[in-house]
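Worksheet: the structure to be examined is printed underneath.
Below, read A as the first sequence line, B as the second, and so on, with proteins coming before strands; counting in each chain starts at 1.
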Amino acid sequence: MLSKNQARLFFLGGTVVFFLIFLALSVNTVSSGIPKKTHSENITEAVVGGKVLFDENNCMGCHTIFGEGAYYAPELTKVIDRRGEAFVKGVLSSKVPWALHGRKMVAYDFSEKEVNDLIAFFKWVNEVDLNGFPPEPDLKK
Amino acid sequence: MKYKSQKVAYMFFALSMVLLLLQIVYGFIMAFAHAGYDGLHEIIAFNTATATHKNLLVVWLLSGFMGAAYYIIPEEAQRELVSVKLVLIQFWSLAIVGVVAVAGFHVGWWEGRKFLEIPRALDYLVVVNVLLFLGIILVTLFKGKEKTTTAMVLAMGLFFAALLYLPGMIWFDNQSMDSFFRWWVVHLWVEGVWELVMGGILAFLLIKLTGVDRELIEKWLYVIVGLTFLSGILGTGHHYYSIGAPKYWLMIGGIFSALEPLAFLGMALFAFAMYRKGEKNHPNKTALYWTLGTAIMSFAGAGLLGIAHTIPQVNMWTHGTLVTAMHGHLAFWGAYAMIVFSIISYSLPLMTGRKLYDTPGAHYAFWLSNIGMIGMTTAFAAAGVAQVYLERKVGLDFMVSQNALHAHFWVLIGAATLFTIGIIYYVVNFFKHGMPTDEALIDNK
Ligand code: HEM
Ligand code: HEM
Ligand SMILES: [Fe+2]
C-alpha cells in the first residue's frame with residue numbers, strides 16, 4: 001500500500017511539475033499569444049481611456065465582456081456589431097436611465113470625449129479573436 | 001483544546017456570521033432586480049449590490065479561515081499563539097478594511113473587476129493585514145513542538161492564498177491580460193490553494209470527530225491535495241477559452257479541469273471512509289453533520305456542476321450565463337461556507353463550554369440551509385438553461401430572453417427564504433453559546 005512518504009512525494013512532485021508547465025504556457029500566452037490575438041498594437045490612448053472608464057464605473061457589475069462579469073445586462077464584446085456605433089453612443093450619453101425593456105441602466109450622461117473613448121474600447125474589443133465566442137445562434141429561423 | 005489563545009477564533013467567527021447576513025441581504029436585492037423589481041436602482045444599483053455580495057462572501061470566508069487557523073494551529077503545534085495582542089490588531093484592522101471597502105462600493109470607490117472590486121489603495125492594507133496574520137500563524141507553527149501535516153497543509157494553503165492575491169493588483173491596458181491574471185487569483189484560489197485550507201480543516205475535524213489514526217488521515221490528505229494541484233493548476237485553462245488567449249488552452253483547460261472533480265470526490269470518499277472506520281461516539285453530532293455535509297456538497301457543487309460546463313464544446317454556449325451562477329452558488333456553499341460552518345460547530349462548544357449541539361435549532365439550521373441552497377441552485381439552473389436556449393441558441397435579444405425568466409427568480413426568492421431561515425437559526429444558535437472562557441478551554445479533556 002501507498003505510504004505517507006510516497007503520498008507526500010506525489011503531492012510535492014505533482015505540484016512542482018504542473019506548476020512549471022503552467023508557468024511556461026503562461027509566458028508564451030503573455031508574450032506572444034495575447035498580443036497577437038488581441039492586436040495589441042491597436043490599443044490607442046482612446047482605447048485605454050475607455051478601459052479606465054469601464055473599470056471605474058464597474059460596468060462588469062451588470063454586463064459581461066468576453067463572457068465575464070454579471071448576468072444582469074447584455075454581453076458587450078460584440079456590441080458594436082450588434083447595435084452599431086450610433087445606438088451605443090445614445091445609451092452612453094443618456095441623461096435618464098436607459099430601459100428599453102423595463103430593466104434600468106445607470107444614467108451615466110458621459111461627455112463626448114468619454115463616449116468616444118468607450119466606443120474606441122468597444123471597437124478594439126470587437127476585433128479580439130475569442131476562438132469563436134459568442135457562438136452564432138444555430139436554431140435561428 | 002487546552003490553549004487559552006485559541007479563543008481569539010471566536011471573534012473571527014462572529015465577524016463571519018454578521019457579514020454573511022449582510023451578504024444575503026444583497027443577494028435578495030439582486031434576485032428582486034432580476035425578477036423585475038429594481039426599486040433600489042437609484043441608491044443601490046445592481047453593480048453595487050453584486051460587488052457587495054461577492055466581496056462580503058470572500059471576506060467572511062477569509063475571516064472564517066483565519067478563525068479556523070487561530071483555533072487549529074495552537075492545538076496542532078502544541079503551544080499558545082505567539083501574541084494575542086497582535087491578533088487583536090489584525091482582527092480589528094480586518095474588520096475596518098472590510099467595512100470601508102463595502103461602504104466604498106456604495107459611492108463608486110471600486111475597480112470593475114469581478115471578485116477583485118476592492119480598490120488598489122485598500123488592497124495594500126489587505127496585504128499588510130494578511131502578512132500580519134501569516135506572521136502570527138507561521139511563527140507559532142515553527143516555534144511549536146510539532147509540525148503536523150494537517151497544520152502544514154493548512155498554513156501552506158493560507159500562505160499561497162496571500163501570495164496569489166498579488167497578480168490581481170497589477171494594472172493592464174489590455175483587457176485580455178487583465179482577465180488572464182484575474183484568474184490567477186480567482187481560479188487558483190477556489191480550485192487550488194483554498195482546497196488546501198479546506199483539506200487541512202477537514203483532516204483536523206476527522207481526526208477529532210472519528211478518532212481514526214492521524215497517520216492514515218494525513219496520508220490521504222496528501223493524496224487529495226496532490227490531486228488538487230495536478231488538475232487545478234492547468235485547469236485554469238477553462239477560463240482562457242474565450243478571452244483572447246491561444247487556442248491550446250481549449251485542449252489543456254478542457255482535459256485538466258475535467259479532472260478537477262477527482263479531488264472533491266477524494267474528499268467525499270475520504271470523509272465517509274474515516275467516519276465508517278472510526279468510533280461513532282463523539283457527542284457533537286452537529287459538527288459531524290456539517291463535516292460530512294461539506295464533503296458531499298462540495299463534490300456536488302464544485303465537482304459535478306463544475307464538470308457540467310467545463311468542456312469547451314459546452315462552455316462556449318453556457319459561458320457567462322446564469323448557468324455559471326448556478327455552479328458558483330453550490331460550489332462556494334458546499335466547499336467553503338460549509339467547511340467554515342463545520343469548524344465553528346466543532347469549536348464553539350469547546351470554547352464557550354456550552355454544549356448546544358443537539359438542539360432542534362442546530363438541526364433546522366443544517367437542513368433548511370442545505371435544502372434552501374439546493375432549491376436556489378435548481379432555480380439558477382432552470383433560468384440558466386432557458387437563457388442559453390433563448391439567447392444563445394435561438395438568438396433572441398438579451399432583454400427579451402431575460403424577461404422570460406422572471407418566474408425562475410421567484411422560485412429563487414422562495415428557496416432563498418428557506419435558506420435564510422436556516423442561516424438565521426445557525427446565527428442565533430451561534431450567539432446563544434455566549435462568550436468563550438478560559439475555564440471552558442482548560443476543562444476540556
Ligand atoms: C439569499 C441568498 C442569496 C441570493 C438570493 C443570491 C442571489 C444572487 C444573485 C441574484 C446573483 C447575481 C447573478 C448575476 O450576476 O446576475 C448572485 C451572485 C453570486 N452569489 Fe449569491 N445569493 C444568495 C446567497 C449566496 C451565498 C450564500 C453564496 C455563497 C455561498 C453566494 C455566492 C454568490 C456568487 C459566487 C455569485 C457570483 C456568481 C457568478 O457570477 O457566477 N450567494 N447571487
Ligand atoms: C469549490 C470550488 C469551486 C468554486 C468555489 C467555484 C466557483 C466558481 C465561480 C464563482 C465561477 C464564476 C467566476 C467568474 O465568472 O468570475 C466559476 C466559474 C467556472 N467554474 Fe467553478 N468553482 C469551483 C470548482 C470548479 C470545478 C472543480 C470545475 C470543473 C470541473 C469548475 C468549472 C468552472 C467553469 C468551467 C467556470 C466558467 C464558467 C463560465 O464560462 O462562465 N469549477 N466557478
Ligand atoms: Fe475555475
Side-chain angles (χ1 to χ4, degrees), chain A residues 2-4 7-8 10-11 14-15 18-19 21-22 25-26 28-30 33-35 37-38 40 43 47-48 51 54-62 64-75 97 100-104 106 121 125 128-135 137-140, chain B residues 30 33-34 36 38 41 45-48 50-51 108 110-114 117 173-177 179-180 215 218-220 222-223 225-226 229-230 233-234 236 240-250 252 316-317 319-322 324-325 387 392-395 397-400 402-403:
Chain A
L2 184 79
S3 73
K4 192 172 172 186
R8 182 189 300 129
F10 166 71
F11 166 60
T15 303
F18 287 100
F19 180 69
I21 300 176
F22 180 68
L25 290 170
S26 293
N28 174 272
T29 298
V30 167
I34 289 182
K37 292 210 130 193
T38 61
S40 61
I43 301 179
V47 173
V48 176
K51 170 153 164 64
F54 199 80
D55 188 82
E56 277 176 355
N57 293 289
N58 191 13
C59 306
M60 231 196 200
C62 292
T64 48
I65 186 155
F66 300 160
E68 296 179 351
Y71 318 122
Y72 188 66
E75 164 59 50
L100 207 51
H101 295 274
R103 194 176 282 177
K104 291 195 196 95
V106 175
F121 175 66
V125 165
V128 173
D129 176 358
L130 300 181
N131 299 325
F133 180 84
D138 57 356
L139 302 178
K140 201 170 184 168
Chain B
M30 288 190 288
H34 264 288
D38 59 351
H41 176 79
F46 192 88
N47 55 351
T48 298
T50 200
W110 53 18
E111 288 169 18
R113 301 162 72 232
K114 189 178 184 183
E117 285 92 345
D173 287 345
N174 187 325
Q175 181 70 27
S176 298
M177 294 283 275
S179 169
F180 186 84
E215 284 300 298
E218 292 183 338
K219 176 173 85 179
W220 291 110
Y222 271 133
V223 174
V225 294
F229 281 150
L230 183 141
I233 297 178
L234 289 176
T236 315
Y240 296 161
Y241 298 158
S242 58
I243 61 160
K247 216 163 187 162
Y248 52 69
W249 287 112
L250 269 67
I252 293 167
M316 74 183 274
W317 297 101
H319 176 52
T321 65
L322 291 161
T324 309
Q387 182 191 2
R392 297 271 164 88
K393 295 292 247 183
V394 180
D397 178 79
F398 175 85
M399 272 314 300
V400 173
Q402 287 287 308
N403 282 337

A/Lys4 to B/Lys219 - nearest heavy-atom pair and separation: N-CD, 3.8 Å
A/Ile43 portion near chain B, given a 4.5 angstrom heavy-atom threshold: side chain
B/His41 vs B/Phe46 side-chain heavy atoms within contact, under 4.5 Å: no
Classify the ring geometry of B/His34 against A/Tyr72: parallel below 30°, tilted from 30° to 60°, perpendicular beyond 60°. perpendicular
So which part of B/Glu117 gets closer than 4.5 Å to some heavy atom of chain A, the side chain, the backbone, both or neither? side chain
Specify whether A/Phe121 and A/Phe54 have parallel, tilted or perpendicular ring planes, treating 30° as the upper limit for parallel and 60° as the lower limit for perpendicular. tilted
Which heavy atom in B/Gly112 sits nearest to a heavy atom in A/Asn58, and how many Å separate them? CA-OD1, 3.3 Å
Taking the six-membered ring for Trp and the single ring otherwise, decide whether the centroids of B/His319 and A/Phe133 are under 6.0 Å apart. yes
With a 4.5 angstrom heavy-atom cut-off, which part of B/Ala45 approaches chain A: side chain, backbone, both or neither? side chain
Considering only heavy atoms, which portion of A/Val106 lies under 4.5 Å from any heavy atom of chain B: side chain, backbone, both, or neither? both
Which answer fits A/Leu2, side chain, backbone, both or neither, if we ask what part of it has an atom under 4.5 Å from a heavy atom of chain B? both
Side chain, backbone, both or neither: which part of B/Ser176 has a heavy atom under 4.5 Å from chain A? both
Which of A/Gly102, A/Gly69, A/Ala70 touches chain B most, by non-hydrogen pairs under 4.5 Å: A/Gly69
Highest number of heavy-atom pairs under 4.5 Å with chain B: which of A/Thr29, A/Thr15, A/Leu100? A/Thr29
Can a donor-acceptor pair be found between the side chains of A/Ser40 and B/Asn174 at a distance below 3.5 Å? no
Choice from B/Glu215, B/Gln175, B/Met177, B/Met30 maximising heavy atom contacts with chain A below 4.5 Å: B/Gln175
Side chain, backbone, both or neither: which part of A/Asn28 has an atom under 4.5 Å from a heavy atom of chain B? both
Tell me if the aromatic rings of A/Phe10 and B/Tyr222 count as close, with their centers under 6.0 Å from one another. no
If we define contacts as heavy-atom pairs under 4.5 Å, which of B/Val223, B/Leu322, B/Ile243 has the most with chain A? B/Ile243
Atom group of A/Pro97 that falls short of 4.5 Å from chain B, counting heavy atoms: side chain
Between OH on residue B/Tyr248 and OH on residue B/Tyr240, distance to nearest 0.5 Å: 10.5 Å
With a 4.5 angstrom heavy-atom cut-off, could you sort out which part of A/Asp138 is near chain B: side chain, backbone, both or neither? both
Below 4.5 Å from any heavy atom of chain A, which atoms of B/Phe180 appear? Answer side chain, backbone, both or neither. side chain
Look up atom CD1 in A/Ile21 and atom OG in A/Ser26, then write down how far apart they are to the nearest 0.5 Å. 11.5 Å
Bottom line for A/Thr64: the part with an atom under 4.5 Å from chain B's heavy atoms is side chain
Interchain contact, A/Ser3 with chain B, by part (heavy-atom threshold 4.5 Å): backbone
